[in-house]
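Notes for the one structure printed next.
Below, read A as the first sequence line, B as the second, and so on, with proteins coming before strands; counting in each chain starts at 1. Side-chain atoms are counted along with the backbone in the values below, which use heavy atoms only and exclude waters and symmetry mates. Here the structure is a predicted model, which is why all the values come from computation and not from measurement.
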Amino acid sequence: MRGVGDTTDIVQKEMYTFLDKGDRSVTLRPEGTASVARAVLESGMANEKLPQKLFYFSNCFRYEKPQAGRLREFHQFGIECYGSERPEADVETMLIAAEVIEELGIPDITLEINSIGCKDCRAKYREALKEYFAKSKETLCETCKTRLESNPMRILDCKSEVCSRIAKDAPMILDFLCGDCNTHFEKTKKLLTLSGASYIVNPKIVRGLDYYNRTVFEFISNKIGSQGAVCAGGRYDGLCAQIGGVDIPAVGFAMGLERILLALDAAGINLPGETPIEIFIASLPGAEETAFVITNGLRKKGFSAECEIAGRSLKAQLKYADKRKAKYNIVIGENEINENKAILKDMQSGEKREVLLDIDDILLRYNEMECK
RNA sequence: GUGGGUAUAGUUCAGUUGGUUAGAGCGCCAGUUUGUGGCACUGGAGGUCGGCGGUUCGAAUCCGCUUACCCACCCCA
């Protein structure tokens, strides 16, 4: 609550909080950053070397009404950089996100950035906003009336027709940045441009977590429904001190994995499916034990090998091997056991080669066929 | 929290104004020379039609309640 901010929706409405069997109040984490900050401080990482660069994959929980791209249990991939207050860290972070998105091949993603300044800038800005919105206080929507006192910046984000119309001509945070924050933002934009990253400045971005300051950004898709933010983040210099640790600047992002999957799906990009097995050892009645032992031997050599464990006919076994996309097969029956020989067959080319019923010989022939 | 929608086989979906034994494609299993798969053909398994209650001679179909899911608002990854 301290980290994310107790006036945010995440804390006020969306936390899964309950008592455990020892009557302790437990909350499922709604996001990753505050947990990482706590871990960094608790483990003393901040005293080791700086900057520290970290990543996480984690499931998160928010009590919201589910819809496309919004689940009550979802997964985030995130990175965090601790120990630099300079724009290089901000841009490095954004570039990594851009790289991930590009590497995955997701098209039509826009990077939107903004600066929400520091405490001083925001104090002035809040006053200006209050003054501005107070003039139309009566026409604001109910939630925004309360936001006027608690967190006027979020009125800018309100989608209600009335509020957004009023917000249209509201003062912009960018006009209230102090010298340092302005320099930081200008340098950030410059580094992005120098790195060849395309972005737009969206002065309306207000992140929903209170720990952010200065740079905030979102990677947005318009192909995955109304929950378009596929990745979002920013700088959070005050968070460590806020939760009771040393004062250490940081910047990071979180990526919504389910939303990434939606975007991949919308673009028709398939993720790699089932891993094909390398060798399938089929067996005829009486040869099951030999097949089993050879399969195990191949596995110990690091191969992905399978044999029949369901007692099916040869035909069914090979059908199964085909469905598993096995690269090679070996059929073992009475003849093979008597002669201590079998046929290693490439299931795609149909090429065959004689092998001894011996792990090393199978590996040798396998490699010969693979290298051809 | 607010609004709208959907629920039938493993899956994607048909199912007429209420009327016999609820169907199809794909998937799964088996067979088509009992030692080589993919293709084709044939056959098979698999459903208390989301749940409970009501109307009716009769309900997958109509009504009420309920649960789950989907979409949008809100909010956010």
Side-chain angles (χ1 to χ4, degrees), chain A residues 4 7-15 29-33 56-79 97 100-101 109 141-144 147 151 154 157-161 163-164 205-209 212 216-221 224-234 252-263 280-287 308 310-337 342-352:
Chain A
V4 172
T7 64
T8 63
D9 275 19
I10 291 178
V11 167
Q12 285 186 337
K13 312 196 295 202
E14 299 171 6
M15 289 206 306
R29 65 174 157 250
E31 55 97 46
T33 297
Y56 60 86
F57 285 88
S58 97
N59 50 349
C60 300
F61 303 83
R62 292 183 199 171
Y63 193 88
E64 301 180 275
K65 197 89 174 267
Q67 71 183 74
R70 192 175 74 183
L71 290 78
R72 285 183 168 178
E73 179 181 6
F74 60 102
H75 296 76
Q76 290 190 336
F77 159 66
I79 71 168
V100 170
I101 288 163
I109 300 282
C141 78
E142 286 310 307
T143 37
C144 282
R147 281 172 177 159
N151 199 345
R154 315 227 10 245
D157 219 22
C158 183
K159 304 289 192 301
S160 98
E161 214 181 303
C163 299
S164 57
I205 295 181
V206 182
R207 312 270 41 252
L209 300 90
Y212 286 112
V216 292
F217 59 88
E218 296 181 354
F219 287 82
I220 296 173
S221 162
I224 59 169
S226 65
Q227 309 297 320
V230 121
C231 172
F253 71 67
M255 213 174 252
L257 295 185
E258 287 82 2
R259 290 185 186 176
I260 293 285
L261 290 174
L262 285 178
F280 185 87
I281 313 290
S283 56
L284 289 156
E308 176 62 7
R312 288 175 293 197
S313 68
L314 179 63
K315 180 166 177 143
Q317 293 181 41
L318 290 165
K319 219 169 179 175
Y320 176 74
D322 183 58
K323 279 179 188 152
R324 291 289 309 272
K325 297 189 171 62
K327 285 160 77 179
Y328 293 86
N329 75 42
I330 296 176
V331 177
I332 302 178
E334 240 177 292
N335 300 342
E336 284 76 12
I337 292 177
I343 301 296
L344 176 65
K345 178 178 171 182
D346 182 326
M347 289 187 75
Q348 272 195 332
S349 68
E351 188 189 344
K352 294 173 182 172

Handout entry: Residues that A:Ala326 engages under side-chain contact (heavy atoms from CB on, under 4.5 Å), provided they are two or more places apart
Key = A:Ile277, A:Phe280, A:Ala321, A:Met347

Practice task
Output all residues satisfying ring pair (Phe, Tyr, Trp, His ring centres under 6.0 Å) with A:Phe57, sequence neighbours left out; order by chain, then residue number.
Solution key: A:Phe77

Problem - Interatomic distance at C1', B:G27 relative to B:A45, whole Å - result: 13 Å

Handout entry: Under the side-chain hydrogen bond (donor to acceptor under 3.5 Å, both in side chains) test, residues paired with A:Glu14 that sit two or more places apart
Key = none

Problem - Any residue meeting side-chain hydrogen bond (donor to acceptor under 3.5 Å, both in side chains) with A:Glu31, in chain and number order, not counting sequence neighbours - result: A:Tyr211

Handout entry: Range-with-range stems for RNA chain B, at least three Watson-Crick or G-U pairs under 3.5 Å
Key = B:1-7 with B:67-73, B:10-13 with B:23-26, B:28-32 with B:40-44, B:50-54 with B:62-66

Handout entry: Contacts of A:Arg324 that satisfy side-chain hydrogen bond (donor to acceptor under 3.5 Å, both in side chains) - sequence neighbours left out
Key = A:Glu274, A:Tyr320

Exercise for the section: Name the nucleic acid region contacted by A:Leu262, choosing base, sugar-phosphate or nothing; use a 4.0 angstrom heavy-atom cut-off, strictly under. Expected result: nothing

Exercise for the section: Identify whether any heavy atom of A:Ala232 sits under 4.0 Å from a base atom; if not, whether one sits that close to sugar-phosphate; answer base, sugar-phosphate or nothing. Expected result: sugar-phosphate

Completion exercise
Taken in chain and number order and not counting sequence neighbours, the residues that satisfy side-chain hydrogen bond (donor to acceptor under 3.5 Å, both in side chains) with A:Tyr328 are A:Glu370

Practice task
Would you indicate, yes or no, if B:A77 has its OP1 or OP2 atom less than 4.0 angstrom from a side-chain nitrogen or oxygen of A:Gln76?
Solution key: no

If you restrict it to nitrogen or oxygen atoms, what contacts under 3.5 Å exist between nucleotides 29-31 of chain B and the protein, and what is each distance?
from, atom 1, to, atom 2, distance (Å)
B:C29, OP2, A:Lys323, NZ, 3.4

Handout entry: Distance test, side-chain N/O of A:Gln227 to OP1/OP2 of B:C75, below 4.0 Å
Key = no

Problem - Side chain A:Gln67 and base B:C74 donor-acceptor under 3.5 Å - result: yes

Handout entry: Short side-chain N/O contact to B:C71 OP1/OP2 from A:Ser226, under 4.0 Å
Key = no

Fill in the blank from the handout: Between A:Glu336 and A:Arg72, whichever has its closest RNA chain B nucleotide further toward 5' is A:Glu336

Could you write out each protein N or O paired with an N or O of nucleotides 2-6 of chain B at a distance under 3.5 Å?
from, atom 1, to, atom 2, distance (Å)
B:U2, O4, A:Lys65, NZ, 2.7

Completion exercise
Sorted by chain and number, sequence neighbours left out, salt bridge (Lys or Arg N to Asp or Glu O under 4.0 Å) with A:Glu64 holds for A:Arg70

Practice task
Give A:Gly225 one of three labels, base, sugar-phosphate or nothing, depending on what nucleic acid heavy atoms sit under 4.0 Å from its own.
Solution key: sugar-phosphate

Handout entry: Residue list, salt bridge (Lys or Arg N to Asp or Glu O under 4.0 Å) with A:Lys13, at least two apart or on another chain
Key = A:Asp9

Exercise for the section: Would you mind telling me which residue lines up with the more 5' stretch of RNA chain B, A:Gly333 or A:Ala229, judged by nearest nucleotide? Expected result: A:Gly333

Exercise for the section: List for me each residue that meets salt bridge (Lys or Arg N to Asp or Glu O under 4.0 Å) alongside A:Glu351, sequence neighbours excluded, and say none if there are none. Expected result: A:Arg353, A:Lys372

Problem - Integer angstrom distance from the C1' of B:G47 to that of B:A22 - result: 9 Å

